[in-house]
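Protein chains get the first letters and strands the later ones, always in sequence-line order, with residue 1 at the start of each.
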Amino acid sequence: MAAPCRKMASRSFPQLLCYFSRIAVGSGACRRFSVTPIDRATPRASTAADRATSPWSLMAAVCLQRLPVITADCSPIEQRFKQMLQQMELEKSLVSDHELRLMEDAERMSRRQADDYDSDEEDRGDQEIMMTQDLEDTWEQRLKNFQPAPRVRADVDKDLSSAQRCLADSLVLLAEQQVGAERLWLLPQAAWQEGETLRQTAERALDSVTAAGVKVTFLGNAPCGVYKYKLPKAARTEGSVGRKVFFFKAILADGAPGSAPTAPLLWVKKSELQKYLKPSYMMKVDRFILNL
Amino acid sequence: LVFHYTQLQVTFPQQASILNQSLCRATPSIQHPMWCTASINERQYRDMPTHGIGRWRHLLPKQAVSLQNSKKKDRNQQKELVSATDTAYGTLNVKVSGYDMTVVEHYSQYIHNLCNRLNIKVAESYALPTKSTEVLLMHEQGNKTYVDGVLKTHQRVVQLSSLNASLCPVFVDVILKNQPEGVQLSVQEHTEADYQARFKARPELEGLIAQINQ
């Protein structure tokens with residue numbers, strides 16, 4: 001992401017190592033249906049038998065979040081409090097080295113102006129007197145030359161498909177996918193297949209929706225939410241009554257995703273989710289998306 | 001004793017609450033002289049039926065003794081790999097680093113308090129030594145560099161002994177959302193190398209070992 005130098009230092013979240021992702025040999029389905037604690041020696045046949053009895057088919061979805069890049073603006077009361085705290089800290093603080101040097105120099109200057117000035121008494125020469133104030137002036141000059149990037153860019157904020165919008169909020173990725181007969185806006189999901197963990201399903205879902213080269217960190221092997229729905233009566237068969245969708249959380253680590261995604265993508269704030277998601281779906285998704 | 005009780009039940013049926021007082025006053029017995037002098041608030045004699053009625057510490061399992069013994073010894077890291085229905089991660093290090101010490105410390109304290117709230121066991125919480133970085137800038141006119149400033153990188157580590165896999169995404173999400181600016185966060189497994197890196201090198205010891213090995 002070619003970012004001009006931002007006013008607030010951007011933070012990075014490096015090195016979330018993917019640990020123990022292969023400990024659970026069984027898939028999410030195995031863990032859900034077996035009541036006894038997992039004995040890894042149990043054969044796979046039990047999974048198949050369990051699956052055959054259940055009419056729910058499983059899907060995994062990804063809640064991909066882009067964390068805020070800059071700090072949110074303070075509300076008026078927060079601003080006043082911040083100013084008050086800063087004032088208190090300033091009054092309680094001790095003088096720093098730089099300020100001490102400034103005071104010494106000022107003192108020396110005043111001594112030089114005095115009539116009974118004897119330059120032999122001084123240890124240092126003229127250079128030191130100029131340096132401290134000069135230093136301060138050069139720093140002020142450099143600060144003036146520094147142009148921070150604008151915090152809020154209105155045109156980018158309105159572009160819902162750009163990952164650079166609303167830098168002060170966290171955004172969630174939505175994709176338009178075909179569900180049954182209609183196209184709906186929802187978190188990218190994919191159907192679970194035999195022999196893979198639910199997390200792999202979620203990764204597959206993400207890959208299918210965004211272009212390659214997107215660095216994403218999954219926050220864990222366990223899902224954070226579930227949504228189940230029954231298929232409409234016309235579509236129900238013996239084997240499938242409905243679907244259960246498990247949500248996995250992920251964080252966008254680097255770079256803007258997908259220059260050419262296969263399906264339309266949206267980056268929305270939590271407050272805007274209402275407009276795109278169905279109400280029952282929204283209720284379940286609402287619970288695990290944090291709006292901090 | 002029983003004799004006393006039955007006698008008093010006959011004589012003072014309604015005054016069960018002031019039984020002790022009545023005992024002292026009504027029957028000043030020679031067998032139990034201390035009852036006359038004892039007030040109600042003093043600890044009763046061991047023969048009293050209600051002696052030790054509030055004792056509960058003897059019912060707890062014997063853990064306290066071992067805890068006191070392990071204070072002086074070296075604390076070994078304990079690696080747990082619980083694979084049950086809720087898989088838990090082993091020992092994890094949540095490392096917080098940054099240039100501003102107050103922010104880094106406050107953030108690590110926040111993480112520690114959050115773990116206490118969520119009942120995640122915190123094994124240790126320590127600081128790694130501060131690393132100083134000197135920023136050297138080139139002069140505009142010449143090739144010489146001059147020291148522009150010194151940046152100190154502070155690091156704090158919160159070590160979690162076991163983190164529930166179902167709790168992990170929630171926990172990490174909350175931490176990330178509350179990350180202050182200028183602070184880098186990293187969550188890694190704890191390894192033996194991490195543990196050994198905290199110790200200072202002992203050059204004389206290493207020299208002697210090298211001599212022995214030669």
Side-chain angles (χ1 to χ4, degrees), chain A residues 6-26 30-32 34-40 63 65 67-72 89 98 135 138-139 142 169-170 199 217-225 247-253 287-292, chain B residues 79-100 102-104 106-107 110 114 137 139-140 146-151 160 162-191 194:
Chain A
R6 301 227 178 266
K7 189 170 171 192
M8 296 288 167
S10 67
R11 56 147 190 259
S12 60
F13 172 54
Q15 298 159 24
L16 175 62
L17 292 190
C18 173
Y19 27 69
F20 308 148
S21 55
R22 303 293 170 256
I23 272 188
V25 168
C30 183
R31 225 177 292 152
R32 263 187 72 79
S34 63
V35 176
T36 55
I38 284 188
D39 178 16
R40 259 182 247 130
C63 172
Q65 293 172 310
L67 295 174
V69 177
I70 57 179
T71 49
E89 275 183 33
H98 176 73
L135 270 175
T138 43
W139 294 339
R142 270 209 267 156
D169 300 304
S170 51
R199 178 170 155 165
T217 319
F218 273 81
L219 289 184
N221 296 331
C224 55
F247 298 100
F248 284 82
K249 273 200 183 161
I251 299 281
L252 185 67
R287 295 175 65 178
F288 61 79
I289 294 188
L290 299 169
N291 194 22
L292 291 174
Chain B
K79 260 198 180 167
E80 259 184 36
L81 257 182
V82 179
S83 55
T85 359
D86 305 274
T87 317
Y89 294 105
T91 318
L92 290 180
N93 276 355
V94 178
K95 216 181 274 195
V96 179
S97 60
Y99 294 133
D100 190 1
T102 48
V103 180
V104 167
H106 279 263
Y107 187 49
Y110 165 76
L114 187 70
L137 284 184
H139 275 292
E140 281 119 30
Y146 64 95
V147 177
D148 194 32
V150 176
L151 294 172
L160 314 173
S162 79
L163 180 62
N164 227 352
S166 48
L167 187 57
C168 171
V170 176
F171 174 67
V172 177
D173 200 26
V174 170
I175 288 186
L176 281 175
K177 290 267 166 75
N178 283 306
Q179 195 180 359
E181 61 266 10
V183 160
Q184 282 87 44
L185 174 75
S186 96
V187 182
Q188 289 153 351
E189 295 164 42
H190 182 66
T191 59
D194 284 341

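Nearest heavy-atom pair, Lys177(B) versus Leu290(A), reported as atom, atom and distance to 0.1 Å: NZ-O, 3.1 Å. Here the closest non-hydrogen pair linking Ser166(B) and Ala222(A) is CA-CB, 3.7 Å.
To the nearest 0.5 Å, atom CD of residue Glu181(B) and atom CD1 of residue Ile70(A) are 10.5 Å apart.
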**side-chain contact (heavy atoms from CB on, under 4.5 Å) between Leu176(B) and Leu219(A), intermediate numbers included** = CA-CA 10 Å; Leu176(B) 281 175; Leu219(A) 289 184; 4.2 Å; yes

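Formation of a donor-acceptor pair under 3.5 Å by the Lys249(A) side chain with backbone atoms of Asp173(B) is not found in this model.
Applying the 6.0 Å contact sphere to OH of Tyr99(B) captures no more than 12 heavy atoms from other residues, nucleotides or ligands.
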